[in-house]
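Quantities reported herein were computed from a predicted structural model and do not represent experimental measurements.
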Amino acid sequence: MSRKKIDATKIIALTFLVLVATSVVFDKLPLAILIAYFVVSLITFIAYARDKSAARDGQWRTKESTLQLLALCGGWPGAIIAQQSLRHKSQKLSFRIGLWCMIAINSAGFIWLMSPQGQAFLPRF
């Protein structure tokens, strides 16, 4: 995998987190959304790291569906960073396609939250 592609995917993840943070600063989203993305991303990164370690040691593995669910729930920035930093789950095409589907679904939900309908849905703290 080329260095440019690695940098581009990390930039996508970090840019998204900056966008979420900016939305909080400008009072478009509650702080809880930003915290949730960071916490779930950290949990996802740790899940990838543990799975890579288990794969190396011949131990029990984390189900791919669990990793995909974590990505769907907002951990996709952590998943992208883990894939590239740890070089884990970055070669299997079916998994990568699934991950990008989870990213698209999660991003659509985020875009909806930014819409007037989504804003009406969000509680104000």
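Considering only heavy atoms from C-beta on, Leu29 comes within 4.5 Å of Phe110 through its side chain. A 4.5 Å side-chain heavy-atom check between Arg50 and Ser53 finds every atom pair outside the cut-off. Residues Ser85 and Lys10 meet the side-chain proximity criterion, which asks for heavy atoms closer than 4.5 Å. At a threshold of 4.5 Å between non-hydrogen side-chain atoms, the residues Val25 and Thr22 do not count as touching. In this structure, Ile80 and Pro77 have side chains that are not in contact, with every pair of non-hydrogen atoms separated by 4.5 Å or more. A heavy-atom distance below 4.5 Å is found between the side chains of Ile81 and Leu14.
Hydrophobic clustering (side-chain heavy atoms under 4.5 Å, transitive across Ile, Leu, Val, Met, Phe, Trp, Tyr) groups Leu70 together with Trp100. Met102 is not connected to Ile97 by any chain of hydrophobic side-chain contacts under 4.5 Å among Ile, Leu, Val, Met, Phe, Trp and Tyr, and they are in different clusters. A single hydrophobic cluster is seen to contain both Ile35 and Met114, as judged by linkage of ILVMFWY side chains at heavy-atom distances under 4.5 Å, directly or through other members. By the rule that hydrophobic residues join a cluster once side-chain heavy atoms approach within less than 4.5 Å of another member, Val24 and Val40 end up as members of separate clusters. Cluster annotation: Phe16 and Leu72 are assigned to distinct hydrophobic clusters (Ile/Leu/Val/Met/Phe/Trp/Tyr, side-chain heavy-atom contacts under 4.5 Å, transitive).
With hydrogens and angles ignored, the 3.5 Å screen pairs no side-chain donor or acceptor of Gln117 with any backbone N or O of Trp112.
Considering OH of Tyr48 and CD1 of Ile43, their distance stands at 14.0 Å, rounded to 0.5 Å. With values rounded to the nearest 0.5 angstrom, Gln83 atom CD is found 9.5 Å from Leu67 atom CG. To the nearest 0.5 angstrom, Ile12 atom CD1 is 12.5 Å from Leu17 atom CG. Going from atom NZ of Lys28 over to atom CG of Leu122 covers 11.0 Å, rounded to the nearest 0.5 Å. Separating the CD1 atom in Ile11 from the CD atom in Gln84 is a distance of 11.5 Å, to the nearest 0.5 Å. For the atom pair CG of Leu99 and NZ of Lys92, the computed distance is 13.0 Å after rounding to the nearest 0.5 Å.
Under a cut-off of 6.0 angstrom, the local environment of CZ in Arg61 is crowded, with over 12 non-hydrogen atoms contributed by other residues, nucleotides or ligands.
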- Message: Go through it in stages, so that I can follow the logic: the residues are Trp76 and Tyr37, the test is side chain to side chain contact (heavy atoms under 4.5 Å, CB included), and I'd like the CA-CA distance, side-chain angles, deciding distance and then a yes or no.
- Response: CA-CA 9 Å; Trp76 67 264; Tyr37 270 106; 4.3 Å; yes

- Message: Using the rule given for side chain to side chain contact (heavy atoms under 4.5 Å, CB included), can you reason through Leu31 versus Leu34, listing the C-alpha separation, both sets of side-chain angles and the distance that settles it, and then say yes or no?
- Response: CA-CA 5 Å; Leu31 180 60; Leu34 177 63; 4.1 Å; yes

